[in-house]
There are 2 protein chains.
Amino acid sequence: MSATDTSDTPAAFTDLAAARPKRADALRNYEKLIAAARDAFAQDGTSASLEEIARRAQVGIGTLYRHFPNRQTLLEAVYVDEVEALCRSAADLSELPPWDAFVAWLHRFVAYMATKQALAQELLGCVDRDANVFQSCRTALYAAGEPLLQRAQQARVVRTDTNLLEVIQMVGGIAKIPSTEPEQIDHILGIALDGLRYREPSA
Amino acid sequence: MSATDTSDTPAAFTDLAAARPKRADALRNYEKLIAAARDAFAQDGTSASLEEIARRAQVGIGTLYRHFPNRQTLLEAVYVDEVEALCRSAADLSELPPWDAFVAWLHRFVAYMATKQALAQELLGCVDRDANVFQSCRTALYAAGEPLLQRAQQARVVRTDTNLLEVIQMVGGIAKIPSTEPEQIDHILGIALDGLRYREPSA
DNA sequence: TTACTATACGGAGGGTACCTCCGTTTTGTC
DNA sequence: GACAAAACGGAGGTACCCTCCGTATAGTAA
């Protein structure tokens with residue numbers, strides 16, 4: 001839509017980046033706010049104080065609200081880039097066998113989310129309702145996951161009585177488990193993913 | 001410990017009920033607060049305003065804080081009974097085959113939790129840390145689940161490279177999925193539970 | 001009944017956060 | 001240098017959290 005065409009970037013990824021402010025001071029504050037917010041969210045989770053963020057960014061609270069009318073918007077601005085990068089990384093996996101590729105991507109996804117509980121709570125807190133919050137992240141998620149799932153289903157290694165929404169919901173639920181040990185999360189994910197393996201229709 | 005012995009109630013279940021106030025007015029307010037809190041949590045989730053709860057109960061805010069020094073305590077007081085009842089209901093299932101019994105209990109658990117997101121967030125938000133919050137609920141959960149899991153593992157229908165903590169964490173994660181359709185949650189749970197089925201060690 | 005005390009009540013008050021509104025400042029342009 | 005559009009910043013109203021302490025009440029013993 002705007003002139004941000006990096007030609008190799010699919011349409012789904014450009015939606016948000018275009019919304020940055022144009023005036024020099026505005027852009028400066030915008031960046032400072034995002035940096036401060038990233039720190040604050042990492043430290044205090046989703047409910048970090050917005051006034052505290054404005055303070056850290058050395059910016060008036062009014063400025064924060066002008067750039068980001070609500071907490072979700074700010075959270076989204078902080079994380080879109082990372083999430084989209086994560087999704088794009090699915091491309092690496094095309095050379096693995098279908099099952100391995102699909103599962104590897106999901107493990108990667110969970111490992112990342114586990115380090116950002118703040119993000120996980122919000123991004124996965126509204127997987128399909130609230131249409132336009134984290135919209136671009138969800139779009140990217142689907143764009144990345146759908147081919148992997150389809151390939152695995154066509155290869156008859158993933159059961160066919162399910163779909164990407166369900167898988168993402170399941171995996172998202174696991175990502176949100178507040179566990180001390182990353183290996184434990186991985187183990188749990190492994191179990192759940194075993195449930196996705198293809199089974200003969202009979203039973 | 002105290003005189004609350006209902007003889008057929010296992011020790012794990014009595015810990016909390018004993019902590020009720022003794023004076024008539026105190027008891028009255030205690031009950032009013034719990035009733036008000038149940039409504040409020042159901043309506044607004046975990047973060048319902050405590051002042052609002054006190055207001056609904058027609059009780060001073062100080063009274064609320066005397067009875068329940070923090071939100072967790074109140075939440076716990078509201079839900080222990082229900083959770084413990086749910087756990088006790090595991091007894092019904094002893095006549096089913098091992099797999100069916102185990103799975104039925106977990107489905108019951110998820111179905112209940114799905115109706116009380118507020119509870120789910122908190123009870124499952126600290127499955128093993130924060131030792132004494134929701135302690136009695138966790139104890140009950142383990143007491144109910146352990147026999148079912150062991151039976152299923154001994155019957156070789158559930159894989160043996162896992163334990164109850166993992167299962168509860170996995171199932172808890174699924175319970176917290178904010179889904180519109182209960183059937184969908186059930187379906188997802190079914191997939192994850194398939195991952196628990198016993199597999200030959202080879203592969 | 002009355003008097004007494006342990007127990008419980010209630011809300012004022014200090015602190016923080018949310019968000020809006022609007023007078024002031026800055027930027028970019030002509 | 002002047003001017004308008006864009007952006008800034010923080011005061012201020014509301015709500016919530018939690019503590020503290022003067023007041024009221026229930027239970028008990030005389």
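Just so we're on the same page: letters track the sequence lines, and every chain starts at 1. Atom set for the values below is all heavy atoms of this structure, side chains included, hydrogens, waters and symmetry mates excluded.
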Whichever of B:R23 and B:R66 has its nearest DNA chain D nucleotide further upstream toward 5': B:R66
Output the single nucleotide from C:dA17, D:dC16, D:dG10 whose closest atom is nearest the side chain of A:I61. D:dG10
Nearest-Å distance for atom pair CG/P, residues A:D44 and C:dA17: 10 Å
Closest approach to the side chain of B:Y65, judged atom by atom: which nucleotide of C:dA8, D:dC18, D:dC8 is it? D:dC18
Distance check needed: D:dA7 C1' versus A:L64 CG, whole Å only. 14 Å
Can you tell me if A:R55 touches the phosphate of C:dA17, counting only side-chain N or O atoms and a distance under 4.0 Å to OP1 or OP2? yes
Nearest-angstrom distance from the residue atom CD of B:E52 to P of D:dC16: 7 Å
Once you round it to whole Å, what is the distance between C1' of C:dG14 and CD of B:E51? 13 Å
Can you tell me how far P of C:dC9 sits from NZ of B:K22, to the nearest Å? 13 Å
Measure from the side chain of B:R71, starting at C-beta and using heavy atoms only, and say which of C:dC18, C:dT27, D:dC17 lies closest. D:dC17
How close or far is atom P of D:dA7 from atom CZ of A:F68, stated in whole angstroms? 13 Å
Any Lys/Arg nitrogen of A:R28 or A:D25 sitting under 4.0 Å from an Asp/Glu carboxylate oxygen of the other? no
Rounding to a whole Å, what distance do you find between A:Y30:OH and D:dA6:P? 18 Å
Any base atoms under 4.0 Å from B:N70, or only sugar-phosphate, or nothing? Heavy atoms, all strands. nothing
D:dC17, OP1 or OP2 - any side-chain N/O from B:S49 closer than 4.0 Å? yes
Taking 4.0 Å as the cut-off, does a side-chain nitrogen or oxygen of B:N29 come that near to OP1 or OP2 on C:dC9? yes
Residues A:D81, A:R38: salt bridge by 4.0 Å N-O rule: no
Any donor-acceptor pair under 3.5 Å linking the side chain of A:R71 with the backbone of A:A48? yes
Examine C:dA8: is either OP1 or OP2 under 4.0 Å from a nitrogen or oxygen in the side chain of B:H67? Give yes or no. no
Between B:R159 and B:G195 (side chain of the first, backbone of the second, donor and acceptor by atom type, cut-off under 3.5 Å), is there such a pair? yes
Roughly how many Å is it from CZ in A:R28 to P in D:dC8, rounded to a whole number? 9 Å
Verify, without hydrogens or angle tests, whether A:E84 (side chain) and A:C137 (backbone) share a donor-acceptor contact under 3.5 angstrom. no
Determine the contact category for B:T63: base if any of its heavy atoms lies under 4.0 Å from a base atom, sugar-phosphate if only primed atoms, P, OP1 or OP2 are that close, otherwise nothing. base
